[in-house]
There are 2 protein chains.
Amino acid sequence: MNDLEQKCIDAGLKMTGQRRAILEVLESADDHPSVETVYLRSKARDASVSIATVYRTLNLLDQMNLVKKHDFNENHARFETNLENHHHFIDVHTGEVVEFKDEALDGRLRQIAKDLGFDLVDRRVELYGHRKQQGNDDE
Amino acid sequence: MNDLEQKCIDAGLKMTGQRRAILEVLESADDHPSVETVYLRSKARDASVSIATVYRTLNLLDQMNLVKKHDFNENHARFETNLENHHHFIDVHTGEVVEFKDEALDGRLRQIAKDLGFDLVDRRVELYGHRKQQGNDDE
DNA sequence: GTACATGCAAATGCTTTGCCCGCGA
DNA sequence: TCGCGGGCAAAGCATTTGCATGTAC
């Protein structure tokens, strides 16, 4: 049994076949899958999974803080299970999402919130761009 | 004639009554209005403005980089005309949006992009929280 | 006059939900 | 058993778009 599954059981959720499939997909994902992607991967494990259940389950997990919802300026949500504090760099050409951590950045953000007189409950830092290359031909 | 209006004319856009109303609304806005809000304010100036035109105009201006589109984790877009580089702090209780600038933060973001080997074309930094207070009773 | 703009309503695309059946504990 | 969970399809909501008409230049 994986970690997410255990946490869901601890939270009192019933462990159905569909949920197990979805949780396994999330547990093994090292990317930032869309709902559609989670749906397709889950359906490969359990054909009875419906998109409605995927939405319901992902929202449930998001509320329980077991996954994090993003949108990356797209027209659909993406989810990730990496709950460690980190930020994202999105390649605007390929859609690739690169995760990074930066203590100096985090410290500065905390200081800014403090200076503004706010308690920080969440932060969103997304950098958009593309891989640097010699003779870049689109600018 | 306001600044936005001049820029639109320079860009070859026809200056219709509806566009003028919308541009005036944007020019005088010092907040981050939603499409609906821009629509209502514009309609007060020119009753013939339709929501479709507001959407079309805002998207046009966004592509021309005359306004900036945000979403602040809501289910609808918001727009702002402040094009200076700055970031946002969103009060999760009141919805209030506070703008701030921070050179140290910007420098760190540039350095991170450089270290990752990326060219930066856009960035999104949003802090979420609420005003600090003595005897805060919800945590 | 002509190409561009607009209003209206229908269409879209993602997401949510009502309803009723099925299944986990 | 009993109440939570799920499938299906309809509804919701923000946004976009086709089409016919209107209008800036």
Side-chain angles (χ1 to χ4, degrees), chain A residues 1 4-26 32-40 42-64 66-79 95, chain B residues 1 4-26 32-40 42-43 45-64 66-67 69-79 95:
Chain A
M1 177 182 309
L4 278 178
E5 209 173 314
Q6 188 56 60
K7 283 175 181 159
C8 287
I9 290 171
D10 292 348
L13 299 191
K14 291 185 179 174
M15 196 45 51
T16 66
Q18 293 94 331
R19 276 187 181 159
R20 210 183 317 270
I22 294 169
L23 295 177
E24 282 169 9
V25 164
L26 293 174
H32 303 72
S34 65
V35 176
E36 186 71 16
T37 299
V38 174
Y39 169 56
L40 293 175
S42 302
K43 206 160 63 158
R45 289 169 181 264
D46 179 342
S48 76
V49 172
S50 77
I51 188 96
T53 295
V54 175
Y55 273 106
R56 279 190 276 237
T57 303
L58 287 173
N59 284 338
L60 209 49
L61 296 173
D62 186 39
Q63 287 166 217
M64 296 166 69
L66 295 181
V67 301
K68 191 147 174 51
K69 195 177 195 168
H70 292 281
D71 71 63
F72 298 144
N73 275 350
E74 298 166 305
N75 54 348
H76 59 264
R78 284 169 176 268
F79 292 83
Chain B
M1 176 184 308
L4 277 178
E5 208 174 315
Q6 188 57 59
K7 282 174 181 160
C8 287
I9 290 171
D10 293 348
L13 298 191
K14 290 183 180 174
M15 195 44 52
T16 65
Q18 292 93 334
R19 276 188 182 157
R20 212 183 316 271
I22 294 168
L23 295 177
E24 283 169 9
V25 165
L26 293 174
H32 303 73
S34 65
V35 176
E36 186 71 16
T37 300
V38 174
Y39 169 56
L40 293 175
S42 303
K43 208 160 63 156
R45 289 168 181 265
D46 178 343
S48 75
V49 173
S50 76
I51 188 97
T53 294
V54 174
Y55 272 106
R56 279 190 277 237
T57 303
L58 287 172
N59 283 339
L60 209 50
L61 296 173
D62 186 40
Q63 288 166 217
M64 297 164 67
L66 296 181
V67 301
K69 195 176 192 169
H70 292 281
D71 69 62
F72 300 143
N73 275 351
E74 299 167 304
N75 56 347
H76 59 263
R78 283 169 176 270
F79 292 83

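Hydrogens, waters and symmetry mates play no part in the numbers below; they use all other heavy atoms, side chains included. Within every chain, numbering begins at 1; the chains are lettered A, B, ... in the order of the sequence lines, protein sequences first and strands thereafter. Everything quoted here is computed from the prediction, not taken from an experiment.
Between B:Glu74 atom CD and D:dC13 atom C1' the separation is 14 Å, expressed in whole Å. Whole-Å rounding puts the B:Lys69 NZ to D:dT15 P distance at 7 Å. Atom-to-atom, CE of A:Met15 to P of C:dG22 comes out at 22 Å; the value is rounded to the nearest Å. B:Lys43 places its NZ atom 13 Å from the C1' atom of C:dC8, with the value rounded to the nearest Å. One can place NE2 of A:His76 at 17 Å from C1' of D:dA14, the figure rounded to the nearest angstrom. Rounded to an integer number of Å, the gap from CG of A:Leu23 to P of D:dG6 is 10 Å. What separates CD1 of A:Ile51 from P of D:dA10 is a distance of 17 Å, to the nearest Å. Atom CD of A:Glu5 is separated from atom P of D:dG5 by 14 Å (rounded to the nearest Å).
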So which protein N/O to nucleotides 2-5 of chain C N/O distances come out below 3.5 Å?
unit_1 : atom_1 : unit_2  : atom_2 : d
C:dA3  : N3     : B:Lys14 : NZ     : 3.1
C:dC4  : O4'    : B:Lys14 : NZ     : 3.3
C:dA5  : OP1    : B:Arg19 : NH1    : 3.2
C:dA5  : O5'    : B:Arg19 : NH1    : 3.1
C:dA5  : O5'    : B:Arg19 : NH2    : 3.0

Any protein N or O atoms within reach of nucleotides 17-20 of chain D? Criterion: under 3.5 Å, listing atom names and distances.
unit_1 : atom_1 : unit_2  : atom_2 : d
D:dG18 : O6     : B:Arg56 : NH1    : 3.4

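Using a 4.5 Å heavy-atom cutoff, the side chains of B:Leu66 and B:Cys8 are in contact. Between B:Leu40 and B:Pro33 the shortest side-chain heavy-atom distance does not fall below 4.5 Å. By the 4.5 Å heavy-atom criterion applied to side chains, B:His76 and B:Val35 are not counted as neighbours.
The side-chain hydrogen bond (donor to acceptor under 3.5 Å, both in side chains) check on A:His32 picks up A:Glu80, A:His88, A:Glu99, with sequence neighbours excluded. By the salt bridge (Lys or Arg N to Asp or Glu O under 4.0 Å) test, B:Lys69 is found to be paired with no residue, residues two or more places apart in sequence or in another chain being considered. Every residue was checked against the salt bridge (Lys or Arg N to Asp or Glu O under 4.0 Å) condition with A:Glu36, not counting sequence neighbours, and none meets it. With sequence neighbours excluded, the residues forming a salt bridge (Lys or Arg N to Asp or Glu O under 4.0 Å) with A:Asp71 are A:Arg124, B:Arg124, listed by chain and number.
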Counting only pairs under 3.5 Å, give me each side-chain donor-acceptor contact of residues 10-19 of chain A, with atom names and distances, residues two or more places apart or in other chains.
unit_1  : atom_1 : unit_2  : atom_2 : d
A:Asp10 : OD1    : A:Gln6  : NE2    : 2.8
A:Thr16 : OG1    : A:Arg19 : N      : 3.1
A:Arg19 : NH1    : A:Lys14 : O      : 3.0

Output a table of donor-acceptor pairs, distance under 3.5 Å, between side-chain atoms of residues 50-57 of chain A and any protein atom two or more places apart or on a different chain; print 'none' if there are none.
unit_1  : atom_1 : unit_2  : atom_2 : d
A:Ser50 : OG     : A:Ala52 : N      : 3.4
A:Ser50 : OG     : A:Thr53 : N      : 3.3
A:Ser50 : OG     : A:Thr53 : OG1    : 3.4
A:Thr57 : OG1    : A:Thr53 : O      : 2.7

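Take the nearest nucleotide of DNA chain D for B:Gly17 and for B:Glu36: the residue whose nucleotide is more 5' is B:Glu36. DNA chain C is contacted by both B:Thr57 and A:Asn59; B:Thr57 maps to the nucleotide lying nearer its 5′ end (nearest heavy atom per residue).
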